[in-house]
Amino acid sequence: MKKLGIQCTKFSNKKRRYNSYKGQVGKIAKNRLNRRFDTPIPLQKLVTDVSEFKCLKDQKLYLSPIMDLYNREIISYKISNRPTLDIAIDPLKEALSIVEKHAPYRTTIHSDQGWHYQHDSWVKTLKDHRIFQSMSRKGNCIDNSPMENFFGLLKQEMYYGEETVSYTELKSKIEKYIHNYNTKRVKEKLSGLSPIAFRKQDTQFVA
């Protein structure tokens, strides 16, 4: 590439990341995870965040997934055209329905200090379901690097360098990507299996 003067721009694209931090508007939880991202226990450690995408006609799309650090599976998510509170609460409720059925150990969910995660509704929902809350330190994205890495992969593989599309089309593309990520995209750390294939072969988790 150097000899031919070719430069890769798709995988070096630098964009301003969406920031939901509005100052301290509620409760700040301590960093229980403390970058201990690996776990052999399903649904023990979950991470979440919100990311922004641009669409045609100056529209924006927001993605809010929840990932299980046991196998890096996206267990729930919501896509919306506005970063309102429900974009965090709806996937949380879906994830909790899975946790209540299958978690063999008390669950911790980790996020940044965005206003969604300081909100009374988020904090109360976690307390009502006996979920430990954990937060990154202010302005430290490395504290939630598995989620940031997922956003990076998604945007590099189906968003950066691609033609800008409508909200509806981008939503469909992201849904397909997450499905393929969970079911087909193999990982070396998962013995060459996809997240769902890895989960299904583990007797700890009975789907």
Side-chain angles (χ1 to χ4, degrees), residues 8 10-22 24 27-53 61-79 83 87-88 91-92 95 98-99 103 105-118 122 126 131-161 174 177-196 198-199:
C8 176
K10 184 179 180 72
F11 292 91
S12 60
N13 200 311
K14 301 295 183 182
K15 298 285 185 180
R16 180 186 63 84
R17 63 186 295 272
Y18 169 71
N19 186 357
S20 63
Y21 183 72
K22 306 293 183 185
Q24 186 165 346
K27 180 182 177 182
I28 301 296
K30 69 178 182 179
N31 189 350
R32 291 178 177 271
L33 222 56
N34 198 24
R35 301 190 188 178
R36 298 189 297 269
F37 300 126
D38 294 324
T39 175
I41 303 172
L43 303 169
Q44 181 192 26
K45 299 177 181 180
L46 308 180
V47 293
T48 188
D49 200 356
V50 178
S51 190
E52 179 186 274
F53 299 75
L61 178 150
Y62 297 89
L63 169 64
S64 172
I66 295 180
M67 173 188 285
D68 184 359
L69 291 182
Y70 157 73
N71 62 342
R72 301 306 200 261
E73 178 182 352
I74 302 301
I75 62 172
S76 64
Y77 66 93
K78 184 178 178 71
I79 296 172
I87 200 174
L92 174 62
I98 300 171
V99 167
Y105 190 84
R106 191 169 178 182
T107 300
T108 296
I109 185 163
H110 182 85
S111 69
D112 62 16
Q113 293 184 20
W115 71 268
H116 306 85
Y117 313 116
Q118 296 184 45
W122 177 272
L126 296 187
I131 305 296
F132 290 124
Q133 185 175 14
S134 175
M135 282 185 174
S136 301
R137 293 165 294 172
K138 180 181 175 182
N140 197 322
C141 62
I142 299 176
D143 285 349
N144 199 9
S145 60
M147 196 77 261
E148 296 294 339
N149 289 342
F150 169 76
F151 286 142
L153 282 175
L154 185 154
K155 290 184 176 182
Q156 287 169 357
E157 294 180 353
M158 54 76 62
Y159 179 68
Y160 289 152
I174 291 174
Y177 181 90
I178 292 176
H179 174 76
N180 288 334
Y181 171 88
N182 279 337
T183 61
K184 297 179 180 179
R185 198 179 195 283
V186 299
K187 293 180 177 292
E188 184 178 352
K189 287 186 176 181
L190 300 180
S191 303
L193 299 173
S194 69
I196 287 181
F198 182 82
R199 166 168 58 80

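Here the options are L46, V99, V47, the test is side chain to side chain contact (heavy atoms under 4.5 Å, CB included), and the partner is I109; only L46 passes.
Rounded to the nearest 0.5 angstrom, M158 CE and Y177 OH are separated by 8.5 Å. Taking OH of Y77 as the start and OG of S64 as the end, the distance is 12.0 Å to the nearest 0.5 Å. Atom CG of D112 sits about 11.0 Å away from atom CE of M147, to the nearest 0.5 Å. Atoms NZ and NE2, on K184 and H179 in that order, are 6.0 Å from each other to the nearest 0.5 Å. For the atom pair M135 CE and K30 NZ, the distance stands at 14.0 Å (nearest 0.5 Å). Interatomic distance, CD1 of I66 versus CG of L92, reported as 5.0 Å (0.5 Å rounding).
Taking the charged nitrogens against the carboxylate oxygens, D38 and R72 do have a contact shorter than 4.0 Å, which makes a salt bridge.
Not one N or O on the side chain of S136 forms a donor-acceptor pair closer than 3.5 Å with the backbone of C141. Between the side chain of D68 and the backbone N or O of L43 there is at least one donor-acceptor pair closer than 3.5 Å. In this structure, the side chain of Q133 engages the main chain of Y117 through a donor-acceptor pair within 3.5 Å. A donor-acceptor pair under 3.5 Å links the side-chain atoms of N182 to the main chain of I74, judged by distance alone. Listed for the N144 side chain is a donor-acceptor partner under 3.5 Å among the backbone atoms of T48. Looking at S194, its side chain never comes within 3.5 Å of a backbone N or O of V186 through a donor-acceptor pair.
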Test W122 against H116 for side chain to side chain contact (heavy atoms under 4.5 Å, CB included), laying out the working first. CA-CA 7 Å; W122 177 272; H116 306 85; 5.7 Å; no
Determine, stepwise, if the pair L154 / F53 fulfils side chain to side chain contact (heavy atoms under 4.5 Å, CB included). CA-CA 11 Å; L154 185 154; F53 299 75; 3.6 Å; yes
Take F151 and L63, measure what side chain to side chain contact (heavy atoms under 4.5 Å, CB included) needs, and give me the verdict at the end. CA-CA 9 Å; F151 286 142; L63 169 64; 4.0 Å; yes
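For F198, the ring pair (Phe, Tyr, Trp, His ring centres under 6.0 Å) partners at least two apart in sequence or on another chain are Y70. Taking the side chain to side chain contact (heavy atoms under 4.5 Å, CB included) definition, one finds that Q44 meets it with T39, I41, Y105, sequence neighbours left out.
Taking the ring axis of F37 as reference, the NZ or CZ atom of K45 does not stay both within 45° of it and closer than 6.0 Å to the ring centre.
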